[in-house]
Number of protein chains: 2
Amino acid sequence: MGGGNHTTHTISVLVENKPGVLARVAGLFSGRGFNIESLTVAETDDPTVSRMTIVTSGDAKIMEQINKHLNRLIDVIKVVDLSTEKFVDRELVLLKVKADAEQKAEIMRLVDIFRGSIVDVSPRSYTIEVTGDEDKIVAFIDLMRPFGILEIARTGRIAMARGHKAL
Amino acid sequence: MGGGNHTTHTISVLVENKPGVLARVAGLFSGRGFNIESLTVAETDDPTVSRMTIVTSGDAKIMEQINKHLNRLIDVIKVVDLSTEKFVDRELVLLKVKADAEQKAEIMRLVDIFRGSIVDVSPRSYTIEVTGDEDKIVAFIDLMRPFGILEIARTGRIAMARGHKAL
């Protein structure tokens, strides 16, 4: 991943940490029919500023519109389309999978290969944590599917430009 | 963490993967003055269903209102306040920190202790990935601060009930 293809874009948005900002951003996307594949929002090191990561898709014209409209919103400080440069992206998934006695060893092997960890155990299930780029996460989910996925929670992507430069 | 205190609540919301759902949920929170500490939304294993994790705060009465209003929203399938049971919660952070020659060894030691990994390197900075519950993430950020944090991106919390039970 990193760099992405020509349709998927990863956008970092710095916003004032105030009520209503997320509603305005989400409303902009839905009101104009822009797609949201995933979205995360959490505080930065400065508690007055939050950072959103939005994964969206569209051609150059749509991306220009998204960028323009986001920049016009109240409380939006900065918008960067990371897909225009080199970036690191990561996602975290929690996955609860059926784990009967005869399956446990094989599940453990796969967790090890993916450098994941088992964060909860019940007599018939494991809850697994895995981190990686989207390809890795999707590959892991595909490998778990035959065992019986009981539940899945993904954070969606966060991302950062490579190198010394900061947002 | 897990279980949380009486004011912070972690809510899992299953929603139809349709445009406008996030805007309605975010609008509900901002319109009624409910706080959002962090929010993630991404697809589940079923591409027609997305899962949101919202970290919010309030007393029992406010939580009851949030629950009631969320359940009334179109395209909301299920709402569970995980804070009423035992749950596992995790968060992922990407952190870019200044790393001059004389600081690199100490930063590496801290990354190892926190079982993090360095995902990008420039001559004067490291970009580090760390996963954990909120206490661990906050502790790691506090330890990196003296080196000079250049940039930070947090996913916000995802969570899942302990044991075999699924949402």
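The figures here come from the full heavy-atom set of this structure, side chains too, leaving out hydrogens, waters and symmetry mates. A, B, ... follow the sequence lines: proteins, then strands. Residue 1 opens every chain.
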Visitor: I need the minimum non-hydrogen distance between A:Ala23 and B:Ser30, along with the two atoms involved.
Guide: CB-OG, 3.5 Å

Visitor: With respect to chain A, which residue among B:Leu22, B:Asp45, B:Leu150 yields the maximal number of heavy-atom pairs within a distance under 4.5 Å?
Guide: B:Asp45

Visitor: With a 4.5 angstrom heavy-atom cut-off, could you sort out which part of B:Arg24 is near chain A: side chain, backbone, both or neither?
Guide: neither

Visitor: Out of curiosity, does B:Val97 fall in the hydrophobic cluster containing A:Val88 (side-chain heavy atoms, cut-off under 4.5 Å, transitive links)?
Guide: no

Visitor: Between B:Glu129 and chain A, with a heavy-atom cut-off of 4.5 Å, which part of the residue counts as in contact: side chain, backbone, both or neither?
Guide: side chain

Visitor: Please look at B:Ile149 and chain A and tell me whether the side chain, the backbone, both or neither of the residue comes under 4.5 angstrom of a heavy atom of that chain.
Guide: side chain

Visitor: Looking at B:Met52, B:Arg154, B:Lys96, which makes the most heavy-atom pairs under 4.5 Å with chain A?
Guide: B:Lys96

Visitor: Highest number of heavy-atom pairs under 4.5 Å with chain B: which of A:Thr53, A:Thr40, A:Ile158?
Guide: A:Ile158

Visitor: Let's test your reading of the structure: which of B:Gly33, B:Pro19, B:Ala153 forms the most heavy-atom pairs below 4.5 Å with chain A?
Guide: B:Ala153

Visitor: Counting only heavy atoms closer than 4.5 Å, note whether B:Ile36 contacts chain A via side chain, backbone, both or neither.
Guide: side chain

Visitor: Heavy-atom distances under 4.5 Å only: say whether A:Val21 touches chain B with side chain, backbone, both or neither.
Guide: neither

Visitor: Checking B:Ala159 against chain A: side chain, backbone, both or neither under 4.5 Å from a heavy atom?
Guide: backbone

Visitor: Test B:Glu151 against every option in A:His164, A:Arg51, A:Lys165 by the side chain to side chain donor-acceptor pair (under 3.5 Å) rule and name the one that passes.
Guide: A:Arg51

Visitor: Listed by residue number, which members of residues 111-128 of chain A have a heavy atom under 4.5 Å from any heavy atom of chain B?
Guide: A:Val119, A:Asp120, A:Ser122, A:Arg124, A:Ser125, A:Thr127

Visitor: So for atom CD, which belongs to B:Glu64, do other residues, nucleotides or ligands contribute more than 12 heavy atoms lying within a distance under 6.0 Å?
Guide: no

Visitor: Relative to chain B, which of A:Glu43, A:Arg162, A:Glu37, A:Met160 shows the most heavy atom pairs under 4.5 Å?
Guide: A:Met160

Visitor: Going from OG1 on B:Thr44 to CD1 on A:Ile141, what distance comes out if it is rounded to the nearest 0.5 angstrom?
Guide: 9.5 Å

Visitor: Test of understanding: clusters of I, L, V, M, F, W, Y form through side-chain heavy atoms closer than 4.5 Å, transitively. Do A:Val93 and A:Phe147 belong to the same one?
Guide: yes

Visitor: Is there a path from A:Val49 to A:Val15 through hydrophobic residues (I, L, V, M, F, W, Y) whose side chains come within less than 4.5 Å of each other?
Guide: no

Visitor: Please determine, among B:Val55, B:Val41, B:Asn17, the option with the most heavy-atom pairs under 4.5 Å with chain A.
Guide: B:Val41

Visitor: Measuring from atom OG1 of B:Thr131 to atom CG of A:Leu94, what distance do you get when rounded to the nearest 0.5 angstrom?
Guide: 10.0 Å

Visitor: Please determine, among A:Glu91, A:Lys98, A:Lys18, A:Arg145, the option with the most heavy-atom pairs under 4.5 Å with chain B.
Guide: A:Arg145

